[in-house]
Amino acid sequence: MINNRNEIEVRKLEHIFLCSYCDVEYEKTTLLEDIELIHKGTCGINFNDIETEIKLFGKKLSAPIIVSGMTGGHSKAKEINKNIAKAVEELGLGMGVGSQRAAIVNNDLIDTYSIVRDYTNNLVIGNLGAVNFIVDNWDEEVIDKAVEMIDADAMAIHFNPLQEIIQPEGDLNFKNLYKLKEIISNYKKSYKNIPFIAKQVGEGFSKEDAVILKDIGFDAIDVQGSGGTSWAKVEIYRVKDEELKNLAKKFANWGIPTAVSIFEVKSIYNGIVIGSGGIRSGLDIAKCIAIGCDCCSIALPILKAALKGWEEVVKVLEGYIKELKIAMFLVGAENIDELKKTPYIVKGTLKDWISQRL
């Protein structure tokens, strides 16, 4: 029988392979296509004067872009995290690491995460699962181990009920999430006063979720809505149990589209909002910023690039930044603050969602 440590490591490798080489994206979209930024024919600015810099969690970023936390816990993950770290250092961006649970239970895997600090001094975000604070009774000490592991500037706590219900190894008890309120508060008082981010993994947060997350005390919400990677779809390839496979197929398109999730969260929450889930262009980023996000995070395209090398990651990210600047030029926004004020219209399915929910 595979022990729990090896089981987690094998699962990490399976996720890397499946996300890189199989069709794991939603059939439905982010609905960002239902947002139209208003073109400004008399843009009145010099393209070369456009500034995309922001400050996030105490760190300066050259553009409002974070590489989303994706992996760790396997030797192949170590190479991927290294390539991402080298790229974000080159470009002055931020990054997260994947769930650090593997290294919490097996110290031999710490270097698959900590390697990022060998290559970047920029923003690095840790990652722990909300469910583990309930089923494994994790506390402030576990957070501190995860923070120290990568000298984290912020800590993401991910919420993934769909992924857990589909996985044969999944943890299904998401009761008593308010336990996190005391743990986060105590950590900030007793260890390190860093920001905490509530992070989805592809199904988005609703306005009702935002009320709870705000009350728990999260400093930021990473919506990670549907339209990008579907973790139910990932599990279709991975699970052997036919009942679980059929469940995965039925729920492969479950979730709140990214654009909807942003509007829902922004209607309740006035903290930092990160737009993510199917971000595939600089124009997507511009739209997210215009409707209220502070920055965006990108996952799948960067994972695929990181398997080829850090230079490929730089190339992909430079493309996003160039497209963002072009969108800013066309709406007459010389900086990110001006982009946040740019007019837009909402149409189609997204407009229907908003009319019924907000």
Side-chain angles (χ1 to χ4, degrees), residues 8 11-12 15-16 19 57 66-73 77 81 94-105 113 124-136 138 142-143 145-147 149-150 152-167 169-181 183-184 187 194-206 209-210 212-213 216-226 228-232 234-235 254-256 258 261 265 269 271-279 296-300 303:
I8 295 172
R11 187 161 76 244
K12 298 296 183 184
H15 285 164
I16 291 170
C19 288
F57 306 135
I66 301 169
V67 176
S68 187
M70 289 179 281
T71 194
N81 280 335
M95 70 173 291
V97 297
S99 172
Q100 292 171 264
R101 181 186 178 195
I104 296 298
V105 301
Y113 302 90
V124 173
I125 301 170
N127 190 346
L128 294 171
V131 72
N132 297 111
F133 288 91
I134 300 162
V135 300
D136 297 323
W138 282 1
V142 174
I143 295 175
K145 181 176 180 179
V147 169
M149 191 185 301
I150 57 172
D153 300 297
M155 177 58 63
I157 306 294
H158 68 262
F159 295 76
N160 61 337
L162 176 58
Q163 186 182 17
E164 296 289 352
I165 199 74
I166 298 298
Q167 286 183 349
E169 320 89 343
D171 295 312
L172 308 183
N173 182 8
F174 277 79
K175 199 173 182 179
N176 299 322
L177 284 173
Y178 270 92
K179 180 180 179 182
L180 286 167
K181 184 172 186 175
I183 292 173
I184 290 173
Y187 180 81
I194 62 170
F196 280 76
I197 308 160
K199 172 180 172 166
Q200 250 294 334
V201 295
E203 294 84 57
F205 284 123
S206 67
D209 291 325
I212 294 169
L213 298 173
I216 288 174
F218 282 101
D219 303 282
I221 296 177
D222 185 346
V223 303
Q224 207 155 120
S226 64
T229 301
S230 164
W231 281 99
V234 172
E235 297 301 329
W254 178 271
I256 305 170
T258 297
S261 189
V265 169
Y269 184 74
I272 293 170
V273 174
I274 300 170
S276 61
I279 303 301
C296 286
S297 68
I298 306 163
L300 189 60
L303 174 63

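Bear in mind that the values here come from a model prediction, so they are computed numbers and not experimental data.
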Residue pair Thr71 / Asn81, side-chain heavy-atom distance below 4.5 Å: yes
Straight-line distance of Trp138 CH2 to Ile143 CD1, nearest 0.5 Å: 9.5 Å
Residues in side chain to side chain contact (heavy atoms under 4.5 Å, CB included) contact with Ser99, at least two apart in sequence or another chain: Lys12, Arg101, His158
Between CZ on residue Phe205 and CZ on residue Phe218, distance to nearest 0.5 Å: 7.5 Å
Met155 and Ile194, any side-chain heavy atoms less than 4.5 Å apart: yes
Closest heavy-atom pair and its distance - Glu164, Asp171: OE1-N, 2.7 Å
Atom pair CD (Glu203) and CD (Gln224), whose distance is rounded to the nearest 0.5 Å: 8.5 Å
Residue pair Phe57 / Ala154: nearest heavy atoms and the distance that separates them: CD1-CB, 4.1 Å
Audit row: Lys199, Ser68, side-chain hydrogen bond (donor to acceptor under 3.5 Å, both in side chains) steps and yes/no: CA-CA 10 Å; Lys199 172 180 172 166; Ser68 187; 3.2 Å; yes
Ile104 CD1 to Asn132 CG distance, which is reported to the nearest 0.5 Å: 9.5 Å
Heavy-atom side-chain contact between Ile197 and Ile157 under 4.5 Å: no
Under 3.5 Å: donor-acceptor pair, side chain of Asn160, backbone of Val201: no
Leu300 CG to Thr229 OG1 distance, which is reported to the nearest 0.5 Å: 4.0 Å
Check: Ile66 and Ile274 side chains under 4.5 Å, non-hydrogen atoms: yes
Side-chain heavy-atom pair Ser230, Gln163 within 4.5 angstrom cut-off: no
Contact check, side chains of Leu177 and Phe159, non-hydrogen atoms, under 4.5 Å: yes
Nearest heavy atoms of Ile150 and Gly126, plus distance in Å: CD1-CA, 3.5 Å
Side chain Asp219, main chain Phe196, donor-acceptor under 3.5 Å: yes
Qualifying residue for side chain to side chain contact (heavy atoms under 4.5 Å, CB included) with Asp153, from Ile125, Val147, Val124: Val124
Residue pair Ile183 / Phe133, side-chain heavy-atom distance below 4.5 Å: yes
Nearest atoms (heavy-atom pairs only) where Thr258 meets Gly277: OG1-O, 2.6 Å
Contacts of type salt bridge (Lys or Arg N to Asp or Glu O under 4.0 Å), residue Lys181, not counting sequence neighbours: Asp215
Heavy-atom pair with the smallest gap, counting every atom of Ile166 and Glu235: CG2-CB, 3.2 Å
Close side-chain approach of Trp231 to Leu162, heavy-atom, < 4.5 Å: no
Rounded distance (nearest 0.5 Å) linking atom CG of Leu303 with atom CD1 of Ile298: 13.0 Å
Heavy-atom pair of closest approach, residues Ala210 and Tyr269: CB-CB, 4.4 Å
